[in-house]
There are 2 protein chains.
Amino acid sequence: MTATQTRDLEAILTRLKERKMRVTKKRERVIAALLTAEKPLNAEELRERGDLDLVTVYRNIEAFEKAGVLQRIPLENGAQLFELTAPDEHYHHLVCRECHQAERLDVCVGEEMRKVAEANGYSHIAHVLEVYGLCSECLEDEA
Amino acid sequence: MTATQTRDLEAILTRLKERKMRVTKKRERVIAALLTAEKPLNAEELRERGDLDLVTVYRNIEAFEKAGVLQRIPLENGAQLFELTAPDEHYHHLVCRECHQAERLDVCVGEEMRKVAEANGYSHIAHVLEVYGLCSECLEDEA
DNA sequence: TTTCCTGCAAAATGTTTGCAAGGCA
DNA sequence: TGCCTTGCAAACATTTTGCAGGAAA
């Protein structure tokens, strides 16, 4: 873990404490796994890197999501990846449909979407925007 | 089926024939179910309304998607809905996170997303944009 | 020492595959 | 007739639930 990652870890643990959630070894490992991976991971990768039960992974994903420190990335095939996020922030991604690498996109359409949704009588609004494609490496492999 | 729906059905069947796919009673029923529902359906609803095996539903979803007459709508929970689409078109939706009703949104960010993705070296680009919220009816039920 | 968290086992959910029978072209 | 499509059974992948033991505050 780099110094920055350690700081991020502390910040997230603090957030959990504020929400009256317990800070356990397992939880630290889940967060550390996501921080050091520097890319979104799926549940199985989290189990492996955190050396814990898959059930624990899923329960913590749910808990972290509620605490606003984690978000889900839906893949084209229905599976999902998970990544850390600051509370009240969220990200969109460019995901390779072959190797499933995901990188953050520097765009967000949140404001527009919120307006459209509210105009239709919806509240508690969230949105998902994911872009799928073939990354340059996978494109070469295919040729 | 309204006259318009019958015409749409014919158009889709023609498209299938062009693609050398067979036009069967089951396929007609899948498409008719989606046309008359006038909203996206999940696999189980398609099985029920078309009175056919779930396996057949999934195989036809895949076949129709390849033929460009159907698209998937990912839900927040990882499940998916299906709806008819014209080839080379696609839609975005406002989905209730409670009752899962989905309505089409009249927005698309395709051009921007394609540019961003290509700038990152990606090809074969697609994107998903779905807005989730609580519809006014479900909001009331909650209170 | 109370309450929350974890692991194990098992179940539920959604989707895919193998194979033989059936139906469109 | 020939090949595509279908249904059944079973496998598979992912996620959820029940319960007893374990650990944080």
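Sequence lines set the chain letters: A, B, ... in the order given, protein chains first and strands last, and positions in each chain run from 1.
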Report the C-alpha separation of I31(B) and F64(B) in whole Å, then their side-chain angles, then the decisive distance to 0.1 Å, and conclude whether the side-chain contact (heavy atoms from CB on, under 4.5 Å) test is met.
CA-CA 9 Å; I31(B) 296 164; F64(B) 291 168; 3.8 Å; yes
Position toward the 5' end of DNA chain C (nearest nucleotide), E62(B) or R27(A):
R27(A)
Nucleotide by nucleotide, 5' to 3', does protein get under 4.0 Å of the base (B), only the sugar-phosphate (S), or neither (-) in nucleotides 20-25 of chain D, counting heavy atoms?
---BBS
In whole Å, I'd like the distance from the [atom1] atom of [X] to the [atom2] atom of [N].
{"X": "L41(A)", "N": "dT14(D)", "atom1": "CG", "atom2": "C1'", "value": "16 Å"}
{"X": "Y58(B)", "N": "dA11(D)", "atom1": "OH", "atom2": "C1'", "value": "15 Å"}
{"X": "L54(B)", "N": "dC12(D)", "atom1": "CG", "atom2": "C1'", "value": "15 Å"}
{"X": "R47(B)", "N": "dG7(D)", "atom1": "CZ", "atom2": "P", "value": "11 Å"}
{"X": "L16(B)", "N": "dC4(D)", "atom1": "CG", "atom2": "C1'", "value": "13 Å"}
{"X": "I61(A)", "N": "dT16(D)", "atom1": "CD1", "atom2": "C1'", "value": "12 Å"}

Determine yes or no for a side-chain-to-main-chain donor-acceptor pair under 3.5 angstrom, with Q71(B) supplying the side chain and Y91(B) the backbone.
yes
With DNA chain D as reference, determine whether V57(B) or K20(B) sits nearer its 5' end, using the nearest nucleotide of each.
K20(B)
Could you check R59(B) against R59(A) and say which one's nearest nucleotide on DNA chain D is further toward the 5' end?
R59(B)
To the nearest 10 degrees, how far apart in direction are the end axes of the helix from dT1(C)-dA25(D) to dA25(C)-dT1(D), each fit to five base pairs?
40°
Aromatic plane relationship, H92(B) with H127(B) - under 30° parallel, 30 to 60° tilted, over 60° perpendicular:
tilted
Output, in order, the C-alpha distance, side-chain angles, deciding distance and verdict of side-chain contact (heavy atoms from CB on, under 4.5 Å) for E44(B) and R47(B).
CA-CA 5 Å; E44(B) 173 56 27; R47(B) 184 201 60 72; 2.6 Å; yes
side-chain contact (heavy atoms from CB on, under 4.5 Å) between V109(A) and L129(A), intermediate numbers included
CA-CA 8 Å; V109(A) 293; L129(A) 169 59; 4.1 Å; yes
Within the structure shown, what part of the strands sits under 4.0 Å from [X] by heavy-atom distance: base, sugar-phosphate, or nothing?
{"X": "E44(A)", "answer": "nothing"}
{"X": "A63(B)", "answer": "nothing"}
{"X": "N60(B)", "answer": "sugar-phosphate"}

Salt bridge present between E45(B) and R49(B) (N-O < 4.0 angstrom):
no
Ionic contact status for E10(A) with R7(A), cut-off 4.0 Å
no
Any side-chain heavy-atom pair of E137(B) and Q101(B) under 4.5 Å:
no
Using every non-hydrogen atom in the two residues, find where [X] and [Y] come nearest and quote the distance to one decimal.
{"X": "V107(A)", "Y": "M113(B)", "answer": "CG2-CE, 4.1 Å"}
{"X": "C135(B)", "Y": "C96(B)", "answer": "N-SG, 3.4 Å"}
{"X": "V57(B)", "Y": "A43(B)", "answer": "CG1-O, 3.8 Å"}
{"X": "C108(A)", "Y": "H90(A)", "answer": "SG-NE2, 3.6 Å"}

Reading DNA chain C from 5' to 3', where do the contacts with chain A start and stop? Cut-off is 4.0 Å to heavy atoms.
dT3(C) to dA9(C)
